[in-house]
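To start, the structure itself, in structure tokens.
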Amino acid sequence: MSISHAPPNPPSTDISGISGPGHPDRDAFPGLQPVVPVSARRARVPRWLRRTTGPLLLLALWQLLSATGVLAPDVLASPGRIAQVGWDLVSDGSLPSAMATSLRRVALGLLFGTVTGTGLALFAGLFRIGEDLVDAPVQMLRTVPFVGLIPLFIIWFGIGEAPKTAIITLGVTFPLYLNVYAGIRGVDTQLIEAGESLGLSRWGLVRHVVLPGALPGALTGLRYSLGIAWLALVFAEQVNADAGIGFLMVQARDFLRTDVIVVCLIVYAFLGLLADFIVRSLERLLLQWRPTFTGR
């Protein structure tokens with residue numbers, strides 16, 4: 001009878017801690033090399049530097065074209081000229097006052113639009129009768145360009161602040177409605193069944209299952225609505241405005257001041273970027289339970 005003996009376990013060759021040619025473990029295993037992850041071998045560039053490289057290169061190209069005369073000042077002012085004009089507008093108080101007026105208009109329109117869009121989406125998403133009554137009219141109205149309703153708003157509300165707020169409200173309502181409604185109807189039915197098996201009431205299902213499941217879509221709709229709000233503000237402040245960033249742009253257009261126009265556009269862009277940053281911070285705070293892919 002032959003007895004086969006299993007070969008003994010080979011000694012461990014974990015050399016992850018070997019760091020230099022004179023290390024004693026490296027001398028014991030001369031043919032082995034430590035394994036270094038690809039991510040560790042790659043040169044690490046700070047993310048803030050990578051994110052600012054593109055805008056800085058664009059700014060340098062813009063300055064170069066202006067300095068060489070390719071871009072004439074009456075077509076597009078140079079970055080240096082725009083920075084000087086921006087400082088002058090801040091110094092005399094006209095730009096901060098205009099920003100405060102525009103922010104107030106956006107805040108009011110965003111508040112009314114969020115309440116309207118979210119309320120309609122909850123009614124249509126949670127109840128079948130709500131879907132029958134609300135969804136079809138909303139789908140019809142959202143295809144109408146809200147900019148085309150400006151003359152009608154002027155007739156209804158006059159030329160004061162009311163039509164400006166109404167334009168922003170209308171621009172915010174529909175994207176928020178669509179995303180919240182889709183988020184509610186996109187909740188997994190198995191989660192609903194699990195909640196029912198645990199004895200949750202209808203309100204308990206809505207509170208603990210449906211609304212948390214719809215929250216990612218709602219925040220996406222809020223981000224999109226903020227972008228639409230700033231776009232609507234540009235059109236709203238063309239309606240007989242006597243204050244605001246749009247009013248500065250109208251005055252600059254009449255006097256062919258491209259530098260002031262670009263300053264106002266930059267302010268619009270930074271305010272929109274700030275609003276988007278706030279919503280993304282809310283996403284990280286409220287959606288900690290949802291691990292997502294962040295890129296490699």
Side-chain angles (χ1 to χ4, degrees), residues 103 105-149 153 164-196 200-233 235-236 271-294:
L103 284 172
R105 289 167 178 162
V106 169
L108 287 175
L110 186 64
L111 175 63
F112 295 148
T114 300
V115 172
T116 304
T118 305
L120 292 174
L122 290 174
F123 183 54
L126 297 176
F127 306 100
R128 291 183 179 177
I129 187 173
E131 180 183 12
D132 296 337
L133 295 176
V134 170
D135 190 62
V138 170
Q139 297 296 339
M140 292 171 59
L141 289 175
R142 76 178 184 87
T143 59
V144 178
F146 63 90
V147 179
L149 297 176
F153 285 164
K164 301 174 180 59
T165 305
I167 293 169
I168 300 172
T169 299
L170 195 64
V172 168
T173 298
F174 296 124
L176 197 58
Y177 168 84
L178 290 175
N179 283 273
V180 175
Y181 175 79
I184 293 173
R185 290 304 176 94
V187 175
D188 193 348
T189 56
Q190 293 182 355
L191 296 177
I192 302 294
E193 294 173 357
E196 291 176 343
L200 291 178
S201 62
R202 182 177 181 84
W203 167 243
L205 286 173
V206 172
R207 179 182 176 185
H208 298 289
V209 179
V210 177
L211 293 183
L215 187 58
L219 291 175
T220 300
L222 182 59
R223 289 182 64 185
Y224 188 56
S225 296
L226 281 171
I228 298 296
W230 292 109
L231 176 63
L233 177 67
F235 293 102
L271 289 176
L273 187 63
L274 177 62
D276 185 74
F277 172 77
I278 293 174
V279 178
R280 294 183 68 175
S281 300
L282 285 176
E283 286 182 344
R284 287 192 293 268
L285 179 64
L286 299 177
L287 301 180
Q288 296 180 4
W289 51 270
R290 189 187 66 161
T292 57
F293 178 67
T294 58

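The analysis underlying the following values was restricted to heavy atoms, covering all of them including side chains, and did not include hydrogens, waters or symmetry mates.
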Discussion item. List the residues meeting side-chain contact (heavy atoms from CB on, under 4.5 Å) with Leu103, not counting sequence neighbours, and say none if there are none.
Written reply: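 Counting only residues at least two positions away or on another chain, Leu103 forms a side-chain contact (heavy atoms from CB on, under 4.5 Å) with Trp230, Leu271.
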Item to complete: Taking side-chain contact (heavy atoms from CB on, under 4.5 Å) as the test, write out the residues that go with Arg284, two or more places apart.
Response: Phe277, Arg280, Ser281
Say you draw a straight line from [atom1] of [X] to [atom2] of [Y]; how long is it, rounded to the nearest 0.5 Å?
X	Y	atom1	atom2	result
Asn179	Leu219	CG	CG	10.0 Å
Ile168	Thr165	CD1	OG1	6.0 Å
Leu282	Leu222	CG	CG	7.5 Å
Ile278	Leu273	CD1	CG	10.5 Å
Leu120	Glu131	CG	CD	13.0 Å

Practice prompt. Not counting sequence neighbours, which residues clear salt bridge (Lys or Arg N to Asp or Glu O under 4.0 Å) with Arg142? List them please.
Written response: none
Worksheet entry | Of all pairs that satisfy ring-ring contact (aromatic ring centres under 6.0 Å, His included), the ones with a partner from residues 166-192, not counting sequence neighbours |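 For residues 166-192, and leaving out neighbouring residues, the ring-ring contact (aromatic ring centres under 6.0 Å, His included) pairs sorted by first residue read Tyr177-Tyr181.
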Practice prompt. Assess whether side-chain contact (heavy atoms from CB on, under 4.5 Å) is satisfied between Ile184 and Leu126, documenting all intermediate values.
Written response: CA-CA 7 Å; Ile184 293 173; Leu126 297 176; 4.0 Å; yes
Worksheet item: In terms of heavy-atom contacts, does CG of Leu274 have more than 12 from other residues, nucleotides or ligands at under 6.0 Å?
Response: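 Counting other residues, nucleotides and ligands, CG of Leu274 exceeds 12 neighbours.
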Discussion item. Quick test of your reading: applying side-chain hydrogen bond (donor to acceptor under 3.5 Å, both in side chains), list the pairs with at least one residue in residues 211-227, sequence neighbours left out, ordered by first then second residue.
Written reply: Arg223-Asp276
Discussion item. I need the minimum non-hydrogen distance between Gly171 and Pro175, along with the two atoms involved.
Written reply: O-CD, 3.2 Å
Item to complete: Decide side-chain contact (heavy atoms from CB on, under 4.5 Å) for Leu122 and Leu211; before the verdict, give the C-alpha distance in whole Å, the side-chain angles of both, and the deciding distance to 0.1 Å.
Response: CA-CA 9 Å; Leu122 290 174; Leu211 293 183; 3.9 Å; yes
Under 3.5 Å donor-acceptor pairs involving side-chain atoms of residues 106-116, not counting sequence neighbours:
| from | atom 1 | to | atom 2 | distance (Å) |
| --- | --- | --- | --- | --- |
| Thr114 | OG1 | Leu110 | O | 2.6 |
| Thr116 | OG1 | Phe112 | O | 2.8 |

Worksheet item: Does the pair Ile228 and Val172 meet the rule for a side-chain contact (heavy atoms from CB on, under 4.5 Å), with working shown?
Response: CA-CA 6 Å; Ile228 298 296; Val172 168; 5.6 Å; no
